[in-house]
2 protein chains.
Amino acid sequence: MATLTRKQRELKDREAQILKLARPILLREGYQGLSMERLASEMEYAKGTLYNHFPNKEDIVLALAVESLELRFQMMESASTSSSCPRVRLVNIGAASELFASAKEHFAIEAWIRNSTIWDKASPERQQLIQQCEGRCMGIVAGLARDAVARRDLVLPQGLSAEELIFGFWSITYGSQVLSASSPSLAVLGITNPVSTIRHHCYTLLNGFAWQPIMDFQAHEQLMSAESNRLRAQFADYLANSVTH
Amino acid sequence: MATLTRKQRELKDREAQILKLARPILLREGYQGLSMERLASEMEYAKGTLYNHFPNKEDIVLALAVESLELRFQMMESASTSSSCPRVRLVNIGAASELFASAKEHFAIEAWIRNSTIWDKASPERQQLIQQCEGRCMGIVAGLARDAVARRDLVLPQGLSAEELIFGFWSITYGSQVLSASSPSLAVLGITNPVSTIRHHCYTLLNGFAWQPIMDFQAHEQLMSAESNRLRAQFADYLANSVTH
DNA sequence: GACAAATCATGACGCAGCGTCAACAATTGA
DNA sequence: TCAATTGTTGACGCTGCGTCATGATTTGTC
């Protein structure tokens, strides 16, 4: 019977299945394209069953974001342990952030959850999970800055904490990624290669803070592309798979 | 008659009236809170009449954004002509940008239009208007950078155009503003004063590019707060009025 | 001032999509 | 074997967008 053949499919990790189905829809057709009825019918379940797993549509988006942020965290952690020199580690994290943003099916989710319409309707539990992810990411990078201070590679300017110093890099990276993704035709404005442009700014900012070892931009670029390749290989599954599927 | 008393109200600038009504709703209750029926009933018009002015709900949001960007442009222009020294002018524009972002009823609109769900459904005409505003803003700031180059206050690094140099400042400013507005509790992460933090980064970046005249952070701060006060006074009407009303 | 043409206003209607819930089915446990 | 519990279903209520036939108002013309 039809009922039986569906029952054979696991009942356990349906939540993961839902998310797996929802992610590409959200990527390809946006928030409008994702409807509970559609999700239900494509899964061959009734709508009510979905609501046994998620209290509302917004919570599905947050759940996707948790998955994505988990990936971001892993990439950042991998990048931050791939060297012993704090400045190099920070640059490597920059490469991780670039790579993450290039995977639109992950990065775009972050834009959705910063939308108050979505954030506010999701469950507090899920909201908290996201904040934890964010906190852990900040923890990695701020810790790294503190290492640099301990080693005397970096002197924090009067009035800036390690977290606040990192916030600048977070802002410029995230800001440029948002603008690149949403500003229709940066190229028309004269910005042809935003990624490389922002690399240049981060490099200048690092030198501006006199974060040792000072290097030239060539060396900076070489570090970034090397780490970028390493990460791309390490996380190929999570990046490529989810694009095609 | 009831019909007459409403007719007495101007028939001409109803579009402006609609926007005036819509803005505070959008600010206070978000995109969900803004409904065509509500807008219509609060204006004492039928829904169909609204659709004589705007093809859809999204277009209203873009129209609001055009108004806001117009204000941003004026503030930037005022800031950029309030000194003859390019570096000071750029810092003043930074103050304008801070001030603009502090007016949530304007800044929040920008977040909405970067949402593809909204952008894509709006009319091409309105989309184009927005892009023009953006272009004009970039024009001011990039022109300023070019002035600096002409005066030998600034040497563009190999591979960066004036626009690309400006893009860095745009990204860090905008990024920090988005994060401040949407990251629930930056303070928990250790960022207590994002605005002043980003001032510090911009200052460091300017020095990093060796943009003359090099100054100390004290001087930078003083410039910013002076310009901030000047702008606040000049644009008091547009900032305060729209908050209360 | 009378009448036609053009313009504008109206709100009932069709439709899509969210979330609920009473009814029903399956599973568990004794 | 028969509760009791747990899981599934889809029709239903409701909100809100955008349309359009109908009717009102204005404009233009003689």
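These numbers come from a predicted model, not from an experiment.
Backbone-only contact: A/Leu34 has heavy atoms under 4.0 Å from sugar-phosphate atoms and none from a base. Using a 4.0 Å heavy-atom criterion, one finds that B/Thr49 contacts the bases of the nucleic acid, with or without backbone contacts as well.
Defined by atom type and a distance below 3.5 Å, a donor-acceptor pair is present between the side-chain atoms of B/Gln234 and B/Ser78. Between the side chains of B/Ser228 and B/Arg232, at least one donor-acceptor pair of N or O atoms lies under 3.5 Å. For the 3.5 Å distance criterion, the side chains of A/Tyr45 and A/Gln17 fail to qualify, holding no donor opposite an acceptor.
When the side-chain nitrogen and oxygen atoms of A/Lys47 are compared with OP1 and OP2 of D/dA11, none of them lie within a distance under 4.0 Å. Residue A/Arg38 places none of its side-chain N or O atoms closer than 4.0 Å to OP1 or OP2 of C/dC18.
The side chain of B/Asn52 approaches C/dC8 more closely than any other nucleotide in the set D/dT9, C/dC8, D/dT8. Taking the side chain of B/Glu37 as heavy atoms from C-beta on, and the options D/dT8, D/dG16, D/dG18, the nearest nucleotide is D/dG16. Among the nucleotides C/dC18, D/dG18, C/dC8, the one closest to the side chain of B/Lys57 is D/dG18. Candidate nucleotides D/dG18, D/dC17, C/dG19 were compared by shortest atom distance to the side chain of B/Glu58, and D/dG18 ranks first. Minimum atom distance to the side chain of B/Arg14 is reached by C/dC8, of the listed C/dC8, C/dT20, C/dT10.
Between B/Leu39 atom CG and D/dG18 atom P the separation is 12 Å, expressed in whole Å. Atom CD of A/Gln32 is separated from atom C1' of D/dG18 by 14 Å (rounded to the nearest Å). One can place OH of A/Tyr51 at 12 Å from P of C/dG17, the figure rounded to the nearest angstrom. C/dG17 atom P lies 12 Å from atom CD1 of A/Ile25, rounded to whole Å. C/dT7 atom C1' lies 13 Å from atom NE2 of B/His53, rounded to whole Å. For the pair A/Tyr45 OH and C/dG19 C1', the computed distance is 20 Å after rounding to whole Å. Remark: P of D/dG16 and CZ of B/Phe54 are 20 Å apart, rounded to the nearest angstrom. Distance A/Glu29 CD to C/dA16 C1': 15 Å, rounded to the nearest Å.
Distance alone, capped at 3.5 Å, is enough to place a donor-acceptor pair between the B/Arg23 side chain and the B/Glu105 backbone.
Classification of the B/Tyr238-B/Phe235 ring pair by plane angle, with boundaries at 30° and 60°, yields tilted.
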